Amino acid sequence: MKTTSTHFGKHNGKEVQLYTLQNDNGMSVKISNYGATITSIIVPNKEGEVAEVVCGFDNFDSYFSEAYQANTPYFGGTVGRYCSQIKDAKFTLDGEEYELAKIVGANNLHGGKVGFDKKVWKVNPFEDTKSQLEMTLQSKHLEEGFPGKVDVAVKFTLTNENEIRIEYQATTDADTPFTMTNHTYFNLSGFADNIEGHTVQIHADKKQVWDETGTATGENITVANAADDLRNPRVIGEVQKAMGDGFEHYYLFEDKGFDLDKVAEIHEPKHGRTLEISTTEPGMLFYTGKYTSDELKRESGLQYGKFRGFCCETHRYPNGPNIPDSPNSILKKGETFVSTTIFKFKW
């Protein structure tokens with residue numbers, strides 16, 4: 001178990017480091033303090049051979065390439081101040097209307113033009129002999145249009161149980177919409193194939209209904225007998241064929257409340273890797289990269305693109321500020337936002 005750091009680049013005059021967390025089982029995670037971004041996860045397969053299983057880049061400048069900036073897939077970033085789309089880029093809180101940046105059509109997305117994933121985070125002192133790293137950030141009042149000054153912390157831990165544990169915490173001096181997630185794209189084949197041969201199981205009876213613009217309407221419906229019912233393991237490619245589209249679905253874990261529990265499992269049979277997701281969050285956006293540009297690849301040549309990586313974005317309701325009774329979508333003054341998501345690998 002150890003944590004090491006190397007120079008990664010500079011952004012707006014600030015030093016950017018790349019931190020590597022290693023466990024005793026051949027697993028490693030690389031995290032940049034630019035955007036608290038996971039850039040790499042190396043995991044063995046059933047034969048003990050290690051491979052890269054996430055979308056990201058080895059050079060800092062690659063995150064600013066023309067192709068990446070045009071596509072903006074948020075590879076590995078810590079997303080905030082509010083994840084997913086907010087309808088018409090506005091909301092009303094305590095009788096006052098707030099306007100946000102329009103990112104996707106008329107809607108706000110992932111915190112705005114310069115969200116948490118585009119900030120240089122402060123890194124707290126860490127122990128070389130532990131595979132753990134904590135970063136902090138302060139988001140100012142009315143930054144990206146959101147009220148309240150918010151102090152944020154995210155802690156990454158790699159365990160010898162092959163878990164990547166991500167713990168979020170935040171406080172605010174004024175009520176504000178707030179939810180965070182990690183936007184890592186996984187490919188358990190090590191990018192030998194696309195993800196359509198993976199099997200997926202998500203323990204959810206319901207999903208959100210989204211309108212034609214990609215925002216939640218406030219209606220939740222059952223998945224029973226639907227093509228996108230994932231309560232039993234299904235092959236991603238077969239389900240996408242039945243749907244006639246890729247996944248961009250927010251599944252609900254209503255019975256779980258905000259307790260930490262296992263909510264999903266994805267398996268890749270050829271190489272034998274499995275990813276289990278546990279979270280305290282009330283839902284998860286399962287996304288199969290249907291908008292990811294085929295122009296994107298790692299410097300080593302690993303090919304990214306459409307259906308080449310899936311995301312498991314655990315967070316509060318998309319468009320939550322505009323949905324009455326959306327659970328805990330507003331972080332109130334004097335309260336502490338606490339959230340945990342665990343990505344556990346097996347091989």
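Because the structure is a prediction, the values reported are computed rather than measured.
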Between [X] and [Y] (side chain of the first, backbone of the second, donor and acceptor by atom type, cut-off under 3.5 Å), is there such a pair?
{"X": "Glu313", "Y": "Thr184", "answer": "no"}
{"X": "Thr274", "Y": "Phe345", "answer": "no"}
{"X": "Thr37", "Y": "Ser32", "answer": "no"}
{"X": "Arg81", "Y": "Gly115", "answer": "no"}
{"X": "Asn25", "Y": "Asn160", "answer": "yes"}
{"X": "Glu144", "Y": "Val114", "answer": "yes"}
{"X": "Asn33", "Y": "Val120", "answer": "no"}
{"X": "Asn182", "Y": "Gly76", "answer": "yes"}
{"X": "Lys87", "Y": "Thr213", "answer": "no"}
{"X": "Thr217", "Y": "Val209", "answer": "yes"}

Non-hydrogen side-chain atoms of [X] and [Y] separated by less than 4.5 Å:
{"X": "Thr3", "Y": "Gln132", "value": "no"}
{"X": "Leu188", "Y": "His271", "value": "no"}
{"X": "Lys332", "Y": "Phe178", "value": "no"}
{"X": "Thr172", "Y": "Glu335", "value": "no"}
{"X": "Gln85", "Y": "Pro318", "value": "no"}
{"X": "Phe286", "Y": "Ile277", "value": "no"}
{"X": "Val123", "Y": "Gln17", "value": "no"}
{"X": "Arg316", "Y": "Pro327", "value": "no"}

[atom1]-[atom2] distance between [X] and [Y], expressed to the nearest 0.5 angstrom:
{"X": "Ile266", "Y": "Asn187", "atom1": "CD1", "atom2": "CG", "value": "12.0 Å"}
{"X": "Leu158", "Y": "Phe156", "atom1": "CG", "atom2": "CZ", "value": "12.0 Å"}
{"X": "Asp88", "Y": "Lys90", "atom1": "CG", "atom2": "NZ", "value": "5.5 Å"}
{"X": "Thr181", "Y": "Asp117", "atom1": "OG1", "atom2": "CG", "value": "11.5 Å"}
{"X": "Tyr287", "Y": "Ser84", "atom1": "OH", "atom2": "OG", "value": "11.5 Å"}
{"X": "Ser278", "Y": "Asp261", "atom1": "OG", "atom2": "CG", "value": "6.5 Å"}

Non-hydrogen atoms of [X] and [Y] that approach each other most closely:
{"X": "Phe60", "Y": "Gly9", "answer": "CD2-CA, 3.9 Å"}
{"X": "Val223", "Y": "Lys206", "answer": "CG1-C, 4.0 Å"}
{"X": "Met284", "Y": "Ala264", "answer": "CE-CB, 3.9 Å"}
{"X": "Leu260", "Y": "Arg165", "answer": "CD2-NH2, 4.4 Å"}
{"X": "Ala216", "Y": "Ile323", "answer": "CB-CD1, 3.8 Å"}

Test Lys119 against Glu143 for salt bridge (Lys or Arg N to Asp or Glu O under 4.0 Å), laying out the working first.
CA-CA 12 Å; Lys119 300 276 192 178; Glu143 186 174 281; 3.4 Å; yes
Residues which pass ring-ring contact (aromatic ring centres under 6.0 Å, His included) with Phe186, listed by chain and number, not counting sequence neighbours
Phe310, Phe343
Which residues share a ring-ring contact (aromatic ring centres under 6.0 Å, His included) with Phe307, sequence neighbours left out
none
Would you say the ring centers of [X] and [Y] fall short of 6.0 Å from each other?
{"X": "Tyr19", "Y": "Phe8", "value": "no"}
{"X": "Tyr317", "Y": "His315", "value": "no"}
{"X": "Tyr34", "Y": "Phe64", "value": "yes"}
{"X": "Tyr251", "Y": "His203", "value": "no"}

In terms of the angle between their ring planes, are Phe91 and Phe146 parallel, tilted or perpendicular, with boundaries placed at 30° and 60°?
parallel
Students often mix this up, so state it plainly: with edges at 30° and 60°, are the rings of Phe75 and Tyr304 parallel, tilted or perpendicular?
perpendicular
Can you see whether Tyr168 engages Thr78 through a side-chain donor-acceptor pair at a distance of less than 3.5 angstrom?
no
Would you please say whether a donor-acceptor pair under 3.5 Å links the side chains of Glu281 and Thr341?
no
side-chain contact (heavy atoms from CB on, under 4.5 Å), that's the test. Do Phe247 and Val239 meet it? Break it down for me.
CA-CA 9 Å; Phe247 278 96; Val239 181; 3.4 Å; yes
Are [X] and [Y] connected in the hydrophobic side-chain network, where two residues link if heavy atoms are under 4.5 Å apart?
{"X": "Val152", "Y": "Leu133", "value": "yes"}
{"X": "Val54", "Y": "Leu296", "value": "no"}
{"X": "Leu230", "Y": "Leu252", "value": "no"}
{"X": "Ile202", "Y": "Ile342", "value": "no"}
{"X": "Phe253", "Y": "Ile166", "value": "yes"}

So, [X] and [Y], do they make that salt bridge, N to O below 4.0 Å?
{"X": "Glu52", "Y": "Arg298", "answer": "yes"}
{"X": "Arg231", "Y": "Asp229", "answer": "yes"}
{"X": "Glu276", "Y": "Lys346", "answer": "yes"}

Lys256 atom NZ, over 12 foreign heavy atoms within 6.0 Å
yes
Lys306 atom NZ, over 12 foreign heavy atoms within 6.0 Å
no
